[in-house]
Amino acid sequence: MNPLVSIIIPCYNQANYLPISLASVLLQTHANWECIIINDGATDNTKEIAEEWCQKDNRFTYVEKDNGGLSSARNSGLDLAKGDYIQFLDADDILVNTKLSDSLELLKDNEFIIISNFASFEDFKGGQLIPPYCKLTQEKLNFSSILHKWDITFTIPIHCGFFPKVLFETIRFNETLKAKEDWLFWIQIAQKNIAFLYLDKMLALYRKHPASMTKNKGHMFSNRITFFDALENYIPSEEYKSFFLHRLQDNYEYIHQLKKQNSDLKKSNTYQFGLLCKKVLKRIRLLPIAKRVFKNLVPLKR
């Protein structure tokens with residue numbers, strides 16, 4: 001068994017991370033792969049780096065396109081892929097060198113979607129591995145959990161997956177979404193008549209860095225609304241109503257919890273002592289100076 005695996009890497013202004021990502025592909029113990037590097041209108045030196053790697057090894061292929069976003073770039077890669085299996089990889093993430101071979105070994109001529117475990121890493125910590133931001137288990141890998149528990153108890157980094165190419169005859173990433181496109185993708189996948197199989201090995205490495213799109217709260221919130229609108233076209237009406245009610249309840253409970261924490265805080269001795277200090281500082285006219293001194297430590301309530 002020596003199937004061809006198509007590895008799809010969309011790139012947009014992440015040239016500084018790209019060499020490490022491509023090196024992780026080159027080091028794969030399963031050697032029968034093609035790696036499609038999609039330059040999604042990058043304005044940095046992505047082109048020069050990608051072309052250098054293509055000269056190193058002809059299994060790398062470089063493609064340029066106008067900027068259309070992450071979903072558009074991945075779809076372009078799917079259109080070009082010749083492999084029997086698909087492996088996605090973002091330009092700032094890494095595959096452990098046995099990611100392909102371990103996934104293929106688990107398949108053994110059966111058709112599953114393999115989901116491996118993952119670890120995180122941060123540049124400013126010297127690249128050392130840190131625990132994953134959520135725990136994946138076999139029990140979570142089903143349509144109901146992915147629909148209702150995503151962003152609450154877990155998410156699945158896209159490069160944890162290892163997919164039969166046949167799935168993508170009818171599935172593509174939604175190009176109207178600039179965030180949460182992975183969530184909608186996994187929902188579509190989970191509705192297919194094919195089983196998930198969990199591989200409890202940390203074979204995908206997820207980079208955490210300040211420039212990550214997930215750090216932009218305004219961007220994520222606005223696209224969450226767009227996601228809710230799009231989802232209605234992908235799942236049955238009754239399922240959508242159930243999903244929406246669950247999300248309303250989850251948000252209500254979250255807000256209620258925050259209100260309780262705030263109430264408990266105001267009753268605490270520490271909070272009461274802070275109020276007393278504020279009154280004293282205000283009476284002796286030192287409150288403005290105290291605010292300037294402590295604003296980066298414990299901001300005083302106006």
Side-chain angles (χ1 to χ4, degrees), residues 6-28 33-83 86-95 118 120-127 133 155 157-161 168 172-185 204-227 230:
S6 296
I7 304 168
I8 298 171
I9 305 182
C11 305
Y12 179 73
N13 291 351
Q14 291 183 314
N16 53 327
Y17 302 127
L18 185 57
I20 296 176
S21 178
L22 297 180
S24 78
V25 173
L26 189 62
L27 293 173
Q28 289 299 305
W33 51 261
E34 62 169 2
C35 181
I36 306 169
I37 307 166
I38 310 291
N39 183 341
D40 188 39
T43 57
D44 59 7
N45 61 330
T46 290
K47 178 178 180 179
E48 291 76 12
I49 291 173
E51 288 181 339
E52 178 184 339
W53 281 80
C54 289
Q55 291 174 5
K56 287 182 182 180
D57 194 308
N58 61 13
R59 290 175 293 178
F60 290 104
T61 301
Y62 174 67
V63 178
E64 291 183 356
K65 62 181 289 296
D66 293 336
N67 179 253
L70 187 57
S71 292
S72 173
R74 287 175 179 161
N75 287 341
S76 295
L78 287 171
D79 291 339
L80 297 169
K82 302 182 181 70
I86 300 294
Q87 171 69 62
F88 295 106
L89 177 62
D90 289 346
D92 54 347
D93 293 330
I94 296 173
L95 299 178
F118 71 102
S120 299
F121 68 102
E122 298 177 353
D123 283 340
F124 53 83
K125 289 191 176 180
Y133 59 78
T155 62
I158 192 68
H159 59 315
C160 288
F168 300 100
R172 285 292 187 271
F173 290 88
N174 186 311
E175 297 183 18
T176 67
L177 296 177
K178 304 306 178 185
K180 304 299 179 185
E181 76 289 333
D182 285 4
W183 187 7
L184 188 57
F185 166 79
L205 305 183
Y206 177 85
R207 184 189 298 270
K208 298 175 65 177
H209 56 87
S212 172
M213 185 171 61
T214 57
K215 300 292 184 181
N216 187 334
K217 300 301 182 183
H219 173 79
M220 297 302 290
F221 179 78
S222 62
N223 278 280
R224 181 185 293 268
I225 302 302
T226 306
F227 166 82

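None of these values were measured; they are calculated from a predicted model.
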| Carboxylate-amine/guanidinium contact Arg59 Glu34, below 4.0 Å | no
| said: Between Ser72 (side chain only) and Gly69 (backbone N and O only), is there a donor and an acceptor less than 3.5 Å apart? | reply: no
| How many angstroms lie between atom CD of Glu48 and atom CD of Glu52, to the nearest 0.5 angstrom? | 10.0 Å
| field | Minimum-distance pair of heavy atoms, taken over all atoms of Ser6 and Gly83 | value | OG-N, 2.8 Å
| task | Could you tell me whether a side-chain N or O of Asn13 sits under 3.5 Å from a main-chain N or O of Thr43, the two making a donor and an acceptor? | result | yes
| task | Give the minimum heavy-atom separation between Phe118 and Cys160, together with the two atoms involved. | result | CB-SG, 3.6 Å
| Looking at Phe88 versus Phe173, is the centre-to-centre ring distance below 6.0 Å? | yes
| field | Heavy-atom pair with the smallest gap, counting every atom of Trp53 and Phe60 | value | O-CD1, 3.5 Å
| Residue pair Leu78 / Ile8, side-chain heavy-atom distance below 4.5 Å | yes
| note | The reported gap from OG in Ser76 to CD in Glu64 (rounded to nearest 0.5 angstrom) is 12.5 Å
| request: Report the residue from Asp90, Asp40, Asn75 that forms a side chain to side chain contact (heavy atoms under 4.5 Å, CB included) with Leu70. | output: Asp90
| Between the side chain of Arg207 and the main-chain N/O of Asp92, is any donor-acceptor distance below 3.5 Å? | yes
| remark: Separation between CD (Glu51) and OG1 (Thr46), nearest 0.5 Å, reads 11.0 Å
| field | Least distance between heavy atoms, Ser71 atom then Glu175 atom | value | CB-CA, 3.9 Å
| query | Which value, rounded to the nearest 0.5 Å, describes the distance between Tyr206 atom OH and Phe121 atom CZ? | reply | 10.5 Å
| Close side-chain approach of Asn67 and Tyr12, heavy atoms under 4.5 Å | yes
| query | Does the pair Cys54 and Thr61 meet the rule for a side chain to side chain contact (heavy atoms under 4.5 Å, CB included), with working shown? | reply | CA-CA 6 Å; Cys54 289; Thr61 301; 5.6 Å; no
| said: Would Leu22 and Ile9 count as a side chain to side chain contact (heavy atoms under 4.5 Å, CB included) here? Give the steps. | reply: CA-CA 9 Å; Leu22 297 180; Ile9 305 182; 3.6 Å; yes
| Ile158 side chain reached by Phe185 side chain, heavy atoms, under 4.5 Å | yes
| query | Is it true that Arg74 and Asp182 have a side-chain N and a carboxylate O under 4.0 angstrom from each other? | reply | yes
| Of Ile94, Leu95, Asp93, which is the lone residue that meets side chain to side chain contact (heavy atoms under 4.5 Å, CB included) with Leu205? | Ile94
| message | Are Asp57 and Leu26 packed together at the side-chain level, in the sense that at least one heavy-atom pair is separated by less than 4.5 angstrom? | response | yes
| query | Where is the tightest heavy-atom contact between Ile38 and Ala73, given as atom of each residue plus distance? | reply | CG1-O, 3.7 Å
| task | Work out which heavy atom in Leu89 is nearest to a heavy atom in Ser21; give both atom names and the distance. | result | CD2-OG, 3.3 Å
| query | Is there a side-chain hydrogen bond (donor to acceptor under 3.5 Å, both in side chains) between Tyr62 and Asn39 once you walk through the steps? | reply | CA-CA 8 Å; Tyr62 174 67; Asn39 183 341; 2.7 Å; yes
| Backbone N/O of His159 and side chain of Gln87: donor-acceptor pair under 3.5 Å | yes
| query | Taking the side chain from Asn174 and the backbone from Leu184, do they hold a donor-acceptor pair closer than 3.5 Å? | reply | no
| request: Show the numbers, then the answer: is there a side chain to side chain contact (heavy atoms under 4.5 Å, CB included) between Val63 and Ile37? | output: CA-CA 6 Å; Val63 178; Ile37 307 166; over 6 Å; no
